[in-house]
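Here, residue 1 is the first one in the sequence, and each next residue gets the next number.
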Amino acid sequence: MASAASTSATAAVAVASRLLLRRSPHLLRRFARAPSAAVSSRPSSSSSSSPFGAAALRRPPGHRARMGHTSAAAAASSVPALGLTKANAVELPQVTFTGKDTEFSDWKGDILAVAVTEKDLSKGSDSKYENAVLKKLDEQLGGLLSEASAEEDFTGKAGQSVVLRLSGQGFKRVGLIGLGQNAPSTALASRGIGESVASVAKSVQAASVAIVIASPAGIQDGFKLTAATAIASGTVLGLHDDSRFKAESKKVHLKQVDLIGLGSGPELDQKLKYANDLCSGVIFGKELVNAPANVLTPAVLAEEAAKIASTYSDVFTATILDEEKCQELKMGSYLGVAAASANPPRFIHLCYKPIGGNVKRKLAIVGKGLTFDSGGYNIKTGPGCSIELMKFDMGGSAAVFGAAKALAQIKPPGVEVHFIVAACENMISGTGMRPGDILTASNGKTIEVNNTDAEGRLTLADALVYACNQGVDKVIDLATLTGACVVALGPSIAGIFTPSDELAKEVTAASELSGEKFWRLPMEESYWEGMKSGVADMVNTGGRQGGSITAALFLKQFVDEKVQWMHIDMAGPVWSDKKKAGTGFGVSTLVEWVLKNSS
């Protein structure tokens, strides 16, 4: 990501081997077998239920296969990851959601959670709640609810909650969840209900919860399905705790959630299943971002992507291109970034084709896949450089593969989707690109590297050319590309850049359903003047002003004019400083966008 402001024996062998390959390839062929084991070594794990549980598979150059078939070549490496680190097997949330139209007072289980607005807590002259749900519940509890809310100073503000232990009732506890001034009218607000319920459920180790909206009339009938879906998603994501790299993990107790008063029937059931499928993709994306760079190398990222195709071989195929094949495709821009690392690059292409064929639209989603970004020779230094967080510089690829995993389960008809990632590391060594070097991309355009820390756009250049060559109608790329975008929009909003008003409307509509935040920024063509080189077609970065705009203009040079294209700069929302973890940003919006194109 372009910033706004001791070598192991294995690594030594790998670097030496790559130096031989570049300078004396005929010598390397004479020693091919011995060094190859060291070069292809990957972390191993016995875990199969958690990402990164298996070591990277070794494949011949340019390997292409319909995944789902195994061979002797899929042997796990015996060499452990740097620091002997591997992901532990953890239990992911497995929650069953059911829509019910029963009386909440008759429900039996661990927690009856009631979502209330500030207005719902108003009382009449008789000191009783005016809200019908709260009035009935308070009477059932002998005034305990009214008494407790006063003692706990619960006013219904967003983020507030209070939980009471009961006896003699069908439910063991009752909880009040604050909504603020109004009932939820957006997916984001509805998801917040689920997150709050998950927090309460975890605190008391509840196995079953019922969720009731105190003022269901405040939710429009047409929004109830969306609200239920978002509540379910928020619950699952709120339960998830990425403890794969901790000595101890917490068990997820919640198994059943009943949604009362938001409808019932097959349509709602389908939406609730969709929420679980979507969350599996978001969690996968979060875990990819959270994984440290000594575990999630480019090859391991490729294997994680290949597992999607292996698991859902009815709709997915995988193509994994090694360095030699990328050289044949003349991906000089991408390989220039990868050149310094002991961990070899992997170009990853998953292709989704609907069951039965009948494809009406072809899409591509391209993600930046820098599994670690040191900045290269323009190394990240000083306050605010965030080099310790640069494992998240593959957040774009995490969104891409998270969406792929979700869509593999949803299986939308009528649309073919290509998921493309040029995975590598941006490191420093004698084989690495230097400031002033000129790279040649696969479309023939030349790039003078004036900053090695503006590397993501160099990998995306060849990935976008490759994507357009798949015959797609539309392509979206996602990247943690510039610190400038974080300065402009802050930590919660992604910037979108596109010449296509139609595509902008599609993604905006998708984001309204996902609850993720985007803001369209201009493609100011006059700024391209600052990206011109005296010795090449372009430089890879301009001045500090308008840095996210010039980055988008750079990417535009590698997109076919006939293809609708959008660039999403997600450098801000990829990471939560509060939770010190990845957010899974982008997955939900991408899934909604694909579904809109499917329908």
Side-chain angles (χ1 to χ4, degrees), residues 1-5 285 289 364-370 373 375 384 386 389-390 392-400 402-403 420-422 426 451 453-461 463-464 467 475-500 503-504 506-508 510-511 514 516-525 527-528 530-531 540-559 564-577 582-590 593:
M1 181 176 74
S3 177
V289 171
I365 306 175
V366 179
K368 176 182 171 184
L370 268 291
D373 176 22
S386 299
L389 293 177
M390 283 302 112
F392 74 41
D393 217 15
M394 42 63 65
S397 67
V400 168
I420 297 166
V421 170
N426 185 26
N451 190 326
D453 194 24
E455 84 301 327
R457 65 198 71 183
L458 297 174
T459 67
L460 288 170
L464 286 168
V475 58
I476 291 178
D477 76 74
L478 302 94
T480 49
L481 207 63
T482 67
C485 199
V486 184
V487 172
L489 299 178
S492 302
I493 305 171
I496 59 176
F497 302 82
T498 178
S500 170
L503 192 52
E506 287 182 9
V507 173
T508 299
S511 71
S514 71
E516 296 178 324
K517 297 179 180 180
F518 298 81
W519 191 261
R520 189 178 183 183
L521 292 168
M523 300 274 294
E524 179 53 55
E525 293 291 343
Y527 289 5
W528 182 247
M531 296 291 288
N540 70 321
T541 184
R544 290 176 61 85
Q545 295 180 333
S548 56
I549 297 175
T550 54
L553 292 172
F554 177 91
L555 296 177
K556 185 183 175 184
Q557 311 308 309
F558 303 93
V559 179
Q564 292 187 58
W565 161 73
M566 173 182 285
H567 162 59
I568 299 176
D569 193 329
M570 51 182 285
V574 69
W575 186 259
S576 169
D577 285 330
T583 62
F585 185 89
V587 174
S588 299
T589 299
L590 290 176
W593 177 66

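Nearest heavy atoms, G375 versus N426: C-ND2, 3.4 Å. Nearest approach of I568 to A494, heavy atoms of both residues: CG2-CB, 4.0 Å. Smallest separation of non-hydrogen atoms from L478 and A399: CD2-CB, 4.2 Å. The two residues T482 and S548 make their nearest non-hydrogen contact at OG1-CB, 3.3 Å.
By the 4.5 Å heavy-atom criterion applied to side chains, D477 and F497 are not counted as neighbours. Within the 4.5 Å cutoff, side-chain heavy atoms of V507 are placed close to those of T589. Contact annotation: the side chain of V475 never approaches that of Q564 to less than 4.5 Å [non-hydrogen atoms, C-beta and beyond]. For the pair T508 and E506, the minimum side-chain heavy-atom distance is 4.5 Å or more. Under the 4.5 Å side-chain criterion, counting only non-hydrogen atoms from C-beta, M394 is not in contact with V421. Contact of the T498 side chain with the I496 side chain is not registered, since no non-hydrogen atoms from C-beta on lie closer than 4.5 Å. Side-chain contact check for L553 versus E525: some heavy-atom pair is nearer than 4.5 Å.
A donor-acceptor pair under 3.5 Å is formed between the side chain of S500 and the backbone N or O of L503. Looking at R544, its side chain never comes within 3.5 Å of a backbone N or O of A484 through a donor-acceptor pair. Of the possible donor and acceptor atoms, one in the side chain of T583 sits under 3.5 Å from a partner among the backbone N and O of V574. A donor-acceptor pair is defined here as one N or O able to donate and one able to accept, closer than 3.5 Å; such a pair exists between the side chain of D569 and the backbone of A571. N540 places a side-chain N or O within 3.5 Å of a backbone atom of N451 that can act as its donor or acceptor partner.
Here the CH2 atom belonging to W593 is positioned 4.0 Å from the CD1 atom belonging to I476, to the nearest 0.5 angstrom. Atom CD of residue E455 and atom NZ of residue K368 lie 4.5 Å apart, to the nearest 0.5 angstrom. With rounding to the nearest 0.5 angstrom, the CD1 atom of I549 is 9.5 Å from the SG atom of C485. The OG atom of S576 sits 11.5 Å away from atom CZ of F392, with the distance rounded to the nearest 0.5 Å.
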Discussion item. I'd like to know whether L555 forms a side-chain contact (heavy atoms from CB on, under 4.5 Å) with L481, so could you lay out the CA-CA distance, the side-chain angles of the two residues, the decisive distance to 0.1 Å, and finally the verdict.
Written reply: CA-CA 11 Å; L555 296 177; L481 207 63; 4.1 Å; yes

Worksheet item: side-chain contact (heavy atoms from CB on, under 4.5 Å) between I420 and V400: does it pass, once the steps are laid out?
Response: CA-CA 8 Å; I420 297 166; V400 168; over 6 Å; no

Practice prompt. Please report the C-alpha distance between T541 and R457 in whole Å, then the side-chain angles of each, then the deciding distance to 0.1 Å, and finally whether the side-chain contact (heavy atoms from CB on, under 4.5 Å) criterion is met.
Written response: CA-CA 9 Å; T541 184; R457 65 198 71 183; 3.8 Å; yes

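F585 and F518 have their aromatic ring centers within a separation under 6.0 angstrom.
In this structure T480 satisfies the side chain to side chain donor-acceptor pair (under 3.5 Å) test together with D393, sequence neighbours excluded.
Aromatic ring pairs are classed by plane angle as parallel below 30°, tilted from 30° to 60° and perpendicular above 60°; the pair W565 and H567 is parallel.
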